[in-house]
Enquirer: 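One structure coming up, written as structure tokens, with questions to follow.
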Amino acid sequence: MCYQIILIKLGMKECLETLDKQFPGSFRVRKLRAMEFEALDRYDDALKLYESILQHDESNSVIYKRKVAVLKAQNKISEAVKELTDYLKKFMSDHEAWMELSDLYLMEQDYYKAAFCYEELILYNPHNHLYHQRYAEIQYTIGGLENMELARAYFAQSIKLNPRNMRSLYGFFLAATNVAASPKCSALKKKENLKYASWAALKIGQKYQDQICDDTHVKSVQGMLGLLTLNSST
């Protein structure tokens with residue numbers, strides 16, 4: 001295995017040297033050289049080379065992303081966040097970058113900023129059910145009655161856009177359950193959310209009814225609904 005790695009490295013070196021001779025000063029070849037440094041864990045050398053490319057080509061979005069990848073590989077999350085934030089000031093419509101920035105914020109447990117990233121994504125593409133689902137999941141994680149109601153609303157929108165999204169259906173059920181169980185919830189809202197939870201439990205049961213699979217999820221949903229109904233009546 002070690003011999004194979006050595007041969008691969010030698011092959012890369014010869015290939016890059018050949019490309020350097022054939023295309024002297026090429027930014028693409030320099031990018032490949034920097035990626036080689038990344039593969040060899042020579043992160044500082046890779047960053048220096050990426051910086052030199054950006055000095056001549058500030059509009060090269062790929063190089064900005066490679067810098068973020070290098071910082072992330074070194075577990076320098078705060079620096080990666082700063083780099084990606086600066087990048088998005090220049091390329092605001094890059095949806096993948098917004099999702100990556102949200103993931104970085106989640107790694108730092110900065111849920112409000114992670115949610116903001118998905119607010120931007122929803123503005124750009126309000127018909128993407130996954131954006132609504134992810135935003136709802138973040139609000140659910142933050143917790144609290146208001147955020148839980150917001151999560152339920154966005155799970156509902158995700159289901160409306162894609163009725164087959166089981167993750168959103170489960171999320172809708174759990175959010176409605178938590179709202180109904182909250183001591184701050186009024187009697188009217190509790191009644192409404194019990195209906196939402198009941199509807200979601202029925203839909204989940206229907207989804208699994210015709211499938212040959214373990215029904216533990218369905219039973220757990222039914223059990224939670226039964227417990228919630230019992231608590232509300234006592």
Enquirer: Roughly how far, to the nearest 0.5 Å, is OG of Ser198 from NZ of Lys203?
Expert: 11.5 Å

Enquirer: Can you sort out the partners of Gln133 under side-chain hydrogen bond (donor to acceptor under 3.5 Å, both in side chains), two or more places apart, ordered by chain and number?
Expert: Glu137, Asn165

Enquirer: Determine, stepwise, if the pair Ile63 / Asp57 fulfils side-chain contact (heavy atoms from CB on, under 4.5 Å).
Expert: CA-CA 9 Å; Ile63 301 303; Asp57 185 10; over 6 Å; no

Enquirer: Run the numbers on Glu36 and Arg42 for salt bridge (charged side-chain N to carboxylate O under 4.0 Å, His left out), then give the verdict.
Expert: CA-CA 8 Å; Glu36 180 196 19; Arg42 293 171 57 183; over 6 Å; no

Enquirer: Closest approach of Lys89 and Met92, non-hydrogen atoms and distance?
Expert: O-CG, 4.1 Å

Enquirer: Measure centre to centre between the rings of Phe172 and Trp199, then say whether the value is under 6.0 Å.
Expert: yes

Enquirer: Atom CD in Gln55, atom CD in Glu51: separation rounded to 0.5 Å?
Expert: 7.0 Å

Enquirer: Short question: side chain of Ser52, backbone of Leu49 - any donor-acceptor pair under 3.5 Å?
Expert: yes

Enquirer: Quick check: is Leu88 connected to Ile122 through a chain of hydrophobic side chains (ILVMFWY, heavy atoms under 4.5 Å apart)?
Expert: yes

Enquirer: Quick check: is Phe37 connected to Leu32 through a chain of hydrophobic side chains (ILVMFWY, heavy atoms under 4.5 Å apart)?
Expert: no

Enquirer: Using a strict threshold of under 4.0 Å (side-chain N to carboxylate O), is an ion pair present between Lys65 and Glu100?
Expert: no

Enquirer: Output the distance between atom NE2 (His129) and atom CZ (Arg164), rounded to the nearest 0.5 Å.
Expert: 8.5 Å

Enquirer: With side-chain contact (heavy atoms from CB on, under 4.5 Å) as the test, would you mind laying out the steps for Tyr140 and Leu174 before giving the verdict?
Expert: CA-CA 9 Å; Tyr140 183 92; Leu174 291 171; 3.7 Å; yes

Enquirer: Closest approach of Glu38 and Ala46, non-hydrogen atoms and distance?
Expert: CG-CB, 3.9 Å

Enquirer: Could you check if a side-chain atom of Tyr64 sits within less than 4.5 angstrom of a side-chain atom of Asp86, using non-hydrogen atoms only?
Expert: no

Enquirer: Would you mind checking if Asp44 and Lys48 are paired as a salt bridge, meaning a charged N to carboxylate O distance below 4.0 Å?
Expert: no

Enquirer: Given side chains that start at C-beta, do those of Leu106 and Arg134 come closer than 4.5 Å, heavy atoms only?
Expert: yes

Enquirer: Over all heavy atoms of both residues, which pair between Lys190 and Cys185 is shortest? Give the atoms and the distance, please.
Expert: N-SG, 3.3 Å

Enquirer: Taking a hydrophobic cluster as the set of Ile, Leu, Val, Met, Phe, Trp and Tyr residues connected by side-chain heavy atoms closer than 4.5 Å, whether directly or through intermediates, do Ile138 and Leu161 fall within one such cluster?
Expert: no

Enquirer: Answer yes or no: is there a donor N or O on one side and an acceptor on the other, between the side chain of Asn193 and the main chain of Tyr196, under 3.5 Å?
Expert: no

Enquirer: If you look at every heavy atom in Lys67 and Leu54, which pair is closest and at what distance?
Expert: CD-CD1, 3.7 Å

Enquirer: Please name the pair of heavy atoms, one in Phe91 and one in Ser59, separated by the smallest distance, quoted to 0.1 Å.
Expert: CZ-O, 3.7 Å

Enquirer: Applying the 4.5 Å side-chain criterion to the ILVMFWY set and letting contacts propagate, would Val68 and Met107 be lumped into a single cluster?
Expert: yes

Enquirer: Would you compute the distance between atom CG of Leu145 and atom CG of Leu150 and round it to the nearest 0.5 angstrom?
Expert: 11.0 Å

Enquirer: Begin with the C-alpha distance, continue with both residues' side-chain angles, and end with the deciding distance and a verdict on side-chain contact (heavy atoms from CB on, under 4.5 Å) for Met99 and Tyr131.
Expert: CA-CA 9 Å; Met99 286 190 285; Tyr131 292 165; 4.0 Å; yes

Enquirer: Please say yes or no: joined through hydrophobic side-chain contacts below 4.5 Å, possibly via intermediate residues, are Ile53 and Met35 part of one cluster?
Expert: yes

Enquirer: According to the side-chain hydrogen bond (donor to acceptor under 3.5 Å, both in side chains) rule, which pairs have a member within residues 102-125, sequence neighbours left out?
Expert: Glu119-Tyr135

Enquirer: Below 4.5 Å, heavy atoms only, C-beta onward: do Gln139 and Glu149 meet side chain to side chain?
Expert: no

Enquirer: Do Val81 and Leu101 have side chains that get closer than 4.5 Å, going by heavy atoms?
Expert: yes

Enquirer: What's the separation between atom CD in Gln206 and atom CG in Leu169, rounded to the nearest 0.5 Å?
Expert: 10.0 Å

Enquirer: Would you compute the distance between atom OH of Tyr43 and atom CD of Gln74 and round it to the nearest 0.5 angstrom?
Expert: 6.5 Å

Enquirer: Measure the acute angle between the ring planes of His132 and Tyr154, then classify it against the limits of 30° and 60° as parallel, tilted or perpendicular.
Expert: parallel

Enquirer: Could you tell me if the side chain of Glu79 sits less than 4.5 Å from the side chain of Lys82, heavy atoms only?
Expert: no

Enquirer: Working note: Leu194 + Lys191, criterion side-chain contact (heavy atoms from CB on, under 4.5 Å); need CA distance, chi angles, decisive distance, verdict.
Expert: CA-CA 5 Å; Leu194 278 171; Lys191 186 176 180 181; 5.6 Å; no

Enquirer: Do you know the tightest heavy-atom contact between Ala97 and Tyr87?
Expert: CB-CE2, 3.6 Å

Enquirer: Assess whether salt bridge (charged side-chain N to carboxylate O under 4.0 Å, His left out) is satisfied between Glu58 and Lys90, documenting all intermediate values.
Expert: CA-CA 10 Å; Glu58 293 183 357; Lys90 301 174 184 177; 5.4 Å; no

Enquirer: Counting C-beta onward and ignoring hydrogens, is there a side-chain heavy-atom pair between Ile142 and Met148 closer than 4.5 Å?
Expert: no

Enquirer: Is any side-chain heavy atom of Phe116 closer than 4.5 Å to one of Trp98?
Expert: yes

